[in-house]
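Okay, so here's the structure we're looking at.
Counting begins at 1 with the first residue of the sequence.
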Amino acid sequence: MGYETILVDEQSHVRTITLNRPDDLNALNERMARELQAELAGVAEDRSVRCLVLTGAGRAFCAGQDLKEVTGAPEPVDYREIIHRRYNPIVRRFRSMEIPIIASINGAAAGAGWSLALACDLRIASREAKFISAFGSIGLVPDAGMTWMLPRLVGLAKALEISWFGDPLTAAEAVQLGLVNRLAAPDELAAATGAWAATLARAAPQSLALTKQAMYASPASDLDSQLEREARLQGIAGRTKDYIEGVKAFLDKRTPEFTGEQ
Ligand code: T3D
């Protein structure tokens with residue numbers, strides 16, 4: 001499929017989606033939201049993809065909603081409807097996809113752009129990246145899942161501080177707060193992301209998927225339910241060919257070759 005606002009690349013089972021409106025710092029417009037949704041739907045169906053990377057072209061990751069698109073509209077913009085149509089399906093899709101999703105944050109992540117990065121499973125950032133809530137500065141409420149993810153990652157008080165004051169966070173601060181997993185020098189980000197993604201793409205797909213399922217279920221779960229969930233998921237993992245391969249490779253003292261076959 002030909003896209004206008006995103007680039008898609010695939011190497012060794014790692015699909016990379018690059019937000020590609022660099023002149024507007026990859027701000028999200030209607031077309032980009034639609035193209036992103038279409039591509040994600042394709043990835044979700046494609047069993048050959050074992051890891052997804054989301055990044056931005058140029059000097060920013062994503063500056064959030066395209067403010068040039070919404071200003072000057074003849075009618076007041078119905079943000080509730082826009083959010084239902086554009087952002088929520090993307091965030092829900094990220095959460096329901098079984099494969100690991102890495103945000104490779106090459107520069108500024110603002111507003112819904114930062115929310116998208118938070119909706120990914122893991123984040124690696126350029127040391128020069130910065131994170132700006134941006135919603136409050138223009139009189140809006142954090143959206144695209146930010147009020148769900150931020151308190152879970154940094155705690156309630158810090159989430160409120162970030163949202164109310166809107167001060168940009170540096171990449172180093174983001175790591176310290178647990179918002180970003182790893183940092184890389186700007187010119188090493190792509191390679192570091194590639195190496196990280198390749199490792200995940202070689203791992204046992206069912207093990208990754210079931211682990212993702214268990215981890216995201218955890219905050220809303222009590223201990224007993226979570227113990228039950230672990231037992232149920234382990235029952236599934238323990239019946240996979242990859243489990244047999246993993247044990248065999250260990251005993252043979254070799255690297256396992258996981259296929260994701262049931
Ligand atoms: O609509 C809804 O559905 C409601 C939901 C909203 C969700 C949201 O995301 S609200 C938050 C929207 N985003 C922002 O408020 C962030 C706005 N941008 C910035 O604060 C800054 O651009 C950055 C901190 C991200 C980067 O600053 P800087 O100094 O490096 O770059 P700049 O000079 O501000 O921007 C460069 C260009 O990108 C500039 O265009 P120009 O003047 O060269 O033609 C600027 O207008 C454009 N740009 C940056 N952000 C956006 C944008 N264009 C459209 N929309 C943007 N969000």
Side-chain angles (χ1 to χ4, degrees), residues 1-8 15-46 49 52-58 60-105 107-121 123 131-153 159 162-163 166 212 216 220:
M1 176 171 181
Y3 296 123
E4 263 181 31
T5 63
I6 60 173
L7 302 171
V8 177
R15 179 85 50 99
T16 298
I17 301 177
T18 303
L19 306 175
N20 189 33
R21 301 182 65 234
D23 291 347
D24 287 332
L25 307 189
N26 304 317
L28 277 149
N29 61 12
E30 179 71 28
R31 183 159 195 125
M32 184 185 275
R34 266 195 281 121
E35 292 186 349
L36 203 43
Q37 286 177 21
E39 180 56 24
L40 292 174
V43 173
E45 293 295 309
D46 188 342
V49 180
L52 175 67
V53 172
L54 181 69
T55 192
F61 176 73
C62 175
Q65 166 64 36
D66 183 343
L67 298 175
K68 292 171 184 162
E69 183 184 47
V70 287
T71 49
E75 302 288 326
V77 179
D78 182 351
Y79 283 129
R80 182 179 175 162
E81 190 275 322
I82 290 184
I83 286 164
H84 275 307
R85 195 178 68 241
R86 289 189 189 176
Y87 301 118
N88 290 359
I90 296 173
V91 175
R92 289 199 177 100
R93 174 70 78 180
F94 277 176
R95 196 53 74 248
S96 67
M97 281 167 82
E98 294 193 337
I99 57 172
I101 306 171
I102 301 175
S104 178
I105 305 160
W114 188 7
S115 305
L116 282 193
L118 289 175
C120 296
D121 300 314
R123 284 158 288 283
F131 302 83
I132 310 117
S133 169
F135 296 97
S137 331
I138 56 169
L140 289 180
V141 176
D143 65 18
M146 187 169 290
T147 63
W148 192 88
M149 289 168 287
L150 210 49
R152 281 170 168 76
L153 289 168
I162 289 169
S163 307
K212 178 169 171 172
Y216 282 114

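V8 meets the side chain to side chain contact (heavy atoms under 4.5 Å, CB included) test with Y3, I6, R15, E39; sequence neighbours excluded. For D121, the salt bridge (Lys or Arg N to Asp or Glu O under 4.0 Å) test picks out R95, K212, with sequence neighbours left out. In terms of the salt bridge (Lys or Arg N to Asp or Glu O under 4.0 Å) criterion, R93 has no residue partners (sequence neighbours excluded). Scanning for side chain to side chain contact (heavy atoms under 4.5 Å, CB included) contacts around E4 gives R31, E35, with sequence neighbours left out. For F135, the ring-ring contact (aromatic ring centres under 6.0 Å, His included) criterion is met by no residue, not counting sequence neighbours. E81 is linked by a salt bridge (Lys or Arg N to Asp or Glu O under 4.0 Å) to R85, counting only residues two or more places apart in sequence or in another chain. Not counting sequence neighbours, R92 has no partner by the salt bridge (Lys or Arg N to Asp or Glu O under 4.0 Å) test. Contacts of V91 classified as side chain to side chain contact (heavy atoms under 4.5 Å, CB included), with partners at least two apart in sequence or in another chain: A119, A144. Listed by chain and residue number, T193 satisfy the side-chain hydrogen bond (donor to acceptor under 3.5 Å, both in side chains) test with S104 (two or more places apart in sequence, or in another chain). Scored by the side-chain hydrogen bond (donor to acceptor under 3.5 Å, both in side chains) test, N29 finds no partners at all (sequence neighbours excluded).
Separating the CG atom in N26 from the OG1 atom in T18 is a distance of 9.0 Å, to the nearest 0.5 Å. If you take CG on L140 and CD1 on I138, they are separated by 4.5 Å, rounding to the nearest 0.5 Å. In this structure, the separation between CZ on R123 and CD1 on I105 is 6.5 Å, given to the nearest 0.5 Å. With rounding to the nearest 0.5 angstrom, the CD atom of E30 is 7.5 Å from the CD1 atom of I82. Rounded to the nearest 0.5 Å, atoms CG (L19) and CG (L25) are 11.5 Å apart. Taking CG from D24 and CG from L67, the interatomic distance works out to 9.5 Å, rounded to the nearest 0.5 Å.
Between the side chain of T16 and the main chain of V53, no donor-acceptor pair closer than 3.5 Å is present. Using a distance-only test at 3.5 Å, with no hydrogens or angles considered, a donor-acceptor pair links the side chain of R21 to the main chain of A27.
Across all their heavy atoms, K68 and D66 have their closest contact at N-OD1, 2.8 Å. Closest approach of I132 to G166, counting heavy atoms only: CG2-O, 4.0 Å. Scanning all heavy atoms of the two residues, the minimum distance from I90 to Q37 falls at CG1-CG, 3.7 Å. The two residues P22 and A57 have their closest heavy-atom pair at CB-O, 3.7 Å. The two atoms that bring A112 and L28 nearest to each other are CB-CD1, 4.2 Å, heavy atoms only. For the pair A134 and A110, the tightest heavy-atom approach, listed with the atom from each and the gap, is CB-CB, 4.3 Å.
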Apply side chain to side chain contact (heavy atoms under 4.5 Å, CB included) to the pair L40 and I17, showing each step before the final yes or no. CA-CA 9 Å; L40 292 174; I17 301 177; 3.9 Å; yes
Should F61 and L54 be marked as a side chain to side chain contact (heavy atoms under 4.5 Å, CB included) after you check the CA-CA gap, both sets of side-chain angles, and the distance that decides it? CA-CA 9 Å; F61 176 73; L54 181 69; 3.9 Å; yes
What's the verdict on salt bridge (Lys or Arg N to Asp or Glu O under 4.0 Å) for R86 and E69, showing C-alpha distance, side-chain angles and the deciding distance? CA-CA 14 Å; R86 289 189 189 176; E69 183 184 47; 2.9 Å; yes
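Within the 4.5 Å cutoff, the side chain of L150 has no heavy atoms near those of the P142 side chain.
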